[in-house]
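Notes follow the structure.
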Number of protein chains: 2
Amino acid sequence: MEVKTKKKRYDDDLLELTNISKALSHPLRLYILKRLSKMNACCYSGDLVDELGVGRSTLSQHLKELKYAGLIQGEIEAPYIKYCINRENWALAQKLYKELFNL
Amino acid sequence: MEVKTKKKRYDDDLLELTNISKALSHPLRLYILKRLSKMNACCYSGDLVDELGVGRSTLSQHLKELKYAGLIQGEIEAPYIKYCINRENWALAQKLYKELFNL
DNA sequence: TTTATATTTCGCAAAATTACGAAATGTTTT
DNA sequence: AAAACATTTCGTAATTTTGCGAAATATAAA
């Protein structure tokens, strides 16, 4: 009798790296990360709207995804929200890519 | 009068890195890449079907995407096709992530 | 040359991603 | 308190991704 093979279970590091990669897989999000990852850089949502020429709600959605992936964090600086890299998780991402590429 | 701001044009390196990241953003594809990136490792489609418990056509689709992204290459070794890392483009990916993380 | 094997392509349906305007939320300024 | 400003949430439509069985392609073995 044919045995329907069971689906592979992936380990946590691999799943984490797929999530991070998904976060990096849109030009707008990657642009933001590159911009913020520079030494001590932060920015406001409004700045990026002008810089990128994208709808406010669209940008907000992408920022939310980056936040959800843990790569950035927002700090309220009323009436703005200041976004910066989440250094802890950025270092984790760095580690995972390093492992992938044997750096 | 309101000026509808122009959409940002992204540079080639950034777009290339988004494409590579997209290729890495699925557990099955990342698993394959991790497996193949080990020293001199190659594999056949059939091996992976058993190992991953996924439909043949599904796997084929993912291999196609990895090929399209330039990260792997297939060599005919009848009746099989032997898949390996495309070392040249793998090195490029490595370089781009290195730049992103200032490694 | 028929049969078996390895893989891909096709067609399709379900799910996820993307973009954006309108409306909502919350804060500051007047 | 009202008006102005920054940002997010909601609703929605278009597009892309994903998964898989059936059929097609191509080669090897009998």
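Numbered from 1 within each chain, the chains take letters A, B, ... in sequence-line order. Side-chain atoms are counted along with the backbone in the values below, which use heavy atoms only and exclude waters and symmetry mates. Bear in mind the structure is a predicted one, so any value in this text is a computation, not a measurement.
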| query | Counting any heavy atom closer than 4.0 Å, what does Thr58(B) reach on the DNA or RNA strands: base, sugar-phosphate only, or nothing? | reply | base

| query | DNA chain D: Gly46(A) or Lys7(A), which has the more 5' nearest nucleotide? | reply | Gly46(A)

| query | Is there a side-chain contact between Thr18(B) and Tyr10(B) (heavy atoms, below 4.5 Å)? | reply | no

| task | Go through Tyr97(A) and Gln94(B) one step at a time and tell me if the side-chain hydrogen bond (donor to acceptor under 3.5 Å, both in side chains) criterion holds. | result | CA-CA 9 Å; Tyr97(A) 282 110; Gln94(B) 189 170 350; over 6 Å; no

| task | May I ask you to verify if any side-chain N or O of Arg56(B) is less than 4.0 angstrom from the OP1 or OP2 atom of dG19(D)? | result | no

| query | Is it true that Arg35(A) and Glu51(A) have a side-chain N and a carboxylate O under 4.0 angstrom from each other? | reply | yes

| remark: Between CG of Asp47(B) and C1' of dT5(C) the distance, given in whole Å, is 14 Å

| query | Between the main-chain N or O of Leu92(B) and the side-chain N or O of Asn89(B), is there a donor-acceptor pair closer than 3.5 Å? | reply | no

| remark: Within residues 10-25 of chain A, the residues having a heavy atom closer than 4.0 Å to DNA chain D are none

| With a 4.5 Å heavy-atom cut-off, do Lys82(A) and Cys84(A) have their side chains touching? | yes

| query | Just how far, in rounded Å, is P of dT18(C) from CG of Leu52(A)? | reply | 15 Å

| query | Is there a donor in the side chain of Tyr80(B) and an acceptor in the side chain of Ser45(B), or the other way round, less than 3.5 Å apart? | reply | no

| field | Atom pair distance, as rounded to whole Å: CG in Leu48(B) and P in dA6(C) | value | 14 Å

| Value in whole Å for how far the P atom of dT17(D) lies from CG of Leu28(B) | 16 Å

| task | Pick base, sugar-phosphate or nothing for Ser60(A), based on heavy-atom distances below 4.0 Å to the nucleic acid. | result | base

| field | Stretch residues 63-82 of chain B: residues that reach within less than 4.0 Å of DNA chain D through a heavy atom | value | Glu65(B), Ala78(B), Pro79(B)

| Between Ser57(B) and Gln61(A), which has a closest nucleotide on DNA chain C that is more 5'? | Ser57(B)

| field | Separation of atom CG in Asp50(A) from atom C1' in dT7(D), rounded to whole Å | value | 14 Å

| field | Side chain to side chain, Leu71(B) and Ile85(B), heavy atoms closer than 4.5 Å | value | no

| field | Side-chain H-bond candidate by donor/acceptor type, Tyr83(B) with Glu75(B), under 3.5 Å | value | no

| said: Using the side-chain heavy atoms of Tyr83(A), tell me which of these nucleotides is nearest: dG19(D), dT8(C), dT8(D). | reply: dT8(D)

| task | Let me know the distance between NE2 of His62(A) and P of dT18(C), rounded to the nearest Å. | result | 6 Å

| task | Quickly work out the Leu59(A) CG to dT18(C) P distance and round it to whole Å. | result | 14 Å

| query | How many angstroms lie between atom CD of Glu65(A) and atom CG of Asn19(A), to the nearest 0.5 angstrom? | reply | 11.5 Å

